[in-house]
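What follows is a set of notes on a single structure, which appears directly below.
Side-chain atoms are counted along with the backbone in the values below, which use heavy atoms only and exclude waters and symmetry mates. This one's a predicted model, so the numbers in the text were calculated from it and none came from an experiment.
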Amino acid sequence: MTRPERSEFLVIGGGIGGLTAALALARAGRPVRVLERAARFGEIGAGLQVAPNASRVLDRLGVLPDVTRDAFFPRRLVLGDAMTGEPITVLETGDAFLERFGYRYFVTHRADLHRAIQTACEDSGLVELLPSKHVVRVEPREGGALAVCADGTEYETAALVAADGLHSTTGDMLIDDGGPVDSGYVAYRGTVPVEALAEHGGLREPDGMVIWAGPSLHLVQYPVRRGELVNQVATFDTRRYPSEEDIGCQIERVFERTCAAVAHGVGLMDHSRRWPMVDRAPAAGWTSGSITLIGDAAHPMLQYLAQGACQAIEDSVVLADSVTAHPGDVHAAFAAYEALRFPRTSRVQTTARTWGDILHVDGVSAMMRSALLSPRAGDDFDIVDWLYGYDPTSLAREQQLTR
């Protein structure tokens with residue numbers, strides 16, 4: 001019988017979270033093997049928002065210049081009324097934002113971010129990337145863990161990191177919380193040429209990003225790829241807008257009473273595919289001995305704070321720093337990593353749910369939302385200080401001081 005291949009660190013999942021974890025470990029001098037289910041490494045999807053809390057990590061890992069080469073840096077984040085077309089509140093993301101948080105807010109294509117991290121992994125000389133490796137079983141072993149793939153190959157490791165997303169095989173083994181929770185909302189995603197929006201005055205905020213909020217629905221619009229494309233995400237609650245018609249007709253009916261800019265934008269989208277919006281309540285227990293979880297495998301969240309990828313990126317350096325702070329003791333390193341990350345990710349998960357409720361109110365509640373948010377100044381950053389001001393790279397120093 002062939003002995004399984006062995007590695008010091010094994011990462012399951014070659015998405016943004018898995019590759020960033022691999023890169024962070026490589027930057028710490030650790031060799032890593034990454035198993036990816038798909039036939040090639042890559043990222044599907046369209047736009048992605050990256051806040052300063054993630055930029056700090058990307059900068060430390062040396063990939064921020066490559067990630068931002070074709071990125072778009074909005075000057076403002078606007079919350080608008082999807083029904084009237086009027087602005088509700090603005091968060092300015094220009095010079096004052098940069099001074100406050102050290103990094104600009106930017107949006108990019110998911111594939112561009114993934115490609116930059118993958119290239120850095122390949123160039124590191126410490127990361128081995130193996131596609132077409134669908135892990136179907138993970139087993140704890142003395143001194144590490146074993147991953148078994150659908151093609152019969154087996155991989156032993158001293159430390160296993162599962163970054164295989166919401167439906168993680170390893171996550172189901174570690175966390176017994178009843179599984180993911182369907183919010184009832186669905187999202188349609190895609191990009192369109194910026195010229196396609198010209199019929200109704202073009203992109204309302206050509207140098208910004210807009211969230212159009214309405215009753216149990218919203219539309220996000222922002223430029224990507226140097227402003228040549230517009231990423232759009234249309235979301236609505238299927239419980240409020242049930243329908244037996246095909247999904248393309250349903251979304252048009254849901255948004256038909258919104259303002260012209262929103263209705264036109266939604267009409268340009270591909271209506272053939274949609275994604276259910278699913279998360280999990282915060283649940284501890286990501287770690288068991290030499291096995292741990294990162295990203296959506298550990299803490300899936302709704303999209304309303306645009307922090308899913310950002311939190312996986314934060315995870316990566318805290319994981320690597322915990323390994324450095326506990327040399328030769330993977331169990332202690334992984335336990336410390338979870339202890340440091342769980343309070344943070346739990347707050348982001350629960351706050352994302354709350355912001356979903358705020359976005360989708362109707363009637364008097366919507367009037368109250370506007371009355372409360374409209375007077376705030378665009379350079380009042382108190383509401384996002386806890387999120388964007390967070391520095392995961394400082395946790396290594398805390399670990400060293402407490403040992």
What is the distance from atom [atom1] of [X] to atom [atom2] of [Y], rounded to the nearest 0.5 Å?
{"X": "T170", "Y": "E139", "atom1": "OG1", "atom2": "CD", "answer": "11.5 Å"}
{"X": "L293", "Y": "Y337", "atom1": "CG", "atom2": "OH", "answer": "7.5 Å"}
{"X": "D237", "Y": "M277", "atom1": "CG", "atom2": "CE", "answer": "10.5 Å"}

Less than 4.5 Å apart, side chain to side chain, heavy atoms only: is that true for [X] and [Y]?
{"X": "L160", "Y": "S290", "answer": "no"}
{"X": "V230", "Y": "Y222", "answer": "no"}
{"X": "T169", "Y": "D164", "answer": "yes"}
{"X": "L23", "Y": "V127", "answer": "no"}
{"X": "T292", "Y": "L319", "answer": "yes"}
{"X": "Y188", "Y": "D270", "answer": "no"}
{"X": "L61", "Y": "V317", "answer": "yes"}
{"X": "I294", "Y": "V11", "answer": "no"}

Counting N and O atoms only, with roles assigned by atom type, does the side chain of [X] sit under 3.5 Å from a partner on the main chain of [Y], one being a donor and the other an acceptor?
{"X": "T157", "Y": "S7", "value": "yes"}
{"X": "T89", "Y": "L79", "value": "no"}
{"X": "H109", "Y": "A71", "value": "no"}
{"X": "R376", "Y": "D380", "value": "yes"}
{"X": "S370", "Y": "I88", "value": "no"}
{"X": "H264", "Y": "A196", "value": "yes"}
{"X": "Q311", "Y": "Q349", "value": "no"}
{"X": "Q232", "Y": "T191", "value": "no"}
{"X": "R100", "Y": "D385", "value": "no"}

*Sole residue of Y103, Y105, F97 in ring-ring contact (aromatic ring centres under 6.0 Å, His included) with F101*: F97
_Considering only residues two or more places apart or on different chains, which pairs with a residue in residues 61-86 satisfy ring pair (Phe, Tyr, Trp, His ring centres under 6.0 Å)?_
F73-F106
Decide, yes or no, whether a salt bridge links [X] with [Y] under the criterion of side-chain N to carboxylate O below 4.0 Å.
{"X": "D112", "Y": "R115", "answer": "yes"}
{"X": "E92", "Y": "R75", "answer": "no"}
{"X": "D362", "Y": "R369", "answer": "no"}
{"X": "K133", "Y": "E36", "answer": "no"}
{"X": "D151", "Y": "R37", "answer": "no"}
{"X": "R60", "Y": "D391", "answer": "no"}

*Can the positive tip of R6 be found less than 6.0 Å from the middle of the six-membered ring of Y155, inside 45° of the ring normal?*
no
Using every non-hydrogen atom in the two residues, find where [X] and [Y] come nearest and quote the distance to one decimal.
{"X": "F41", "Y": "H114", "result": "C-CE1, 4.0 Å"}
{"X": "G214", "Y": "A82", "result": "N-CB, 4.0 Å"}
{"X": "V107", "Y": "P223", "result": "CG2-O, 3.1 Å"}
{"X": "L174", "Y": "S288", "result": "CD2-CB, 3.6 Å"}
{"X": "G265", "Y": "L197", "result": "CA-CD2, 4.1 Å"}

*Would you please test I211 and L359 for side chain to side chain contact (heavy atoms under 4.5 Å, CB included) and show each step?*
CA-CA 9 Å; I211 302 175; L359 285 179; 4.0 Å; yes
*Pair Y185 and H218, ring centroids less than 6.0 Å apart*: no
_Go through it in stages, so that I can follow the logic: the residues are R280 and D172, the test is salt bridge (Lys or Arg N to Asp or Glu O under 4.0 Å), and I'd like the CA-CA distance, side-chain angles, deciding distance and then a yes or no._
CA-CA 12 Å; R280 253 174 160 147; D172 290 342; 3.7 Å; yes
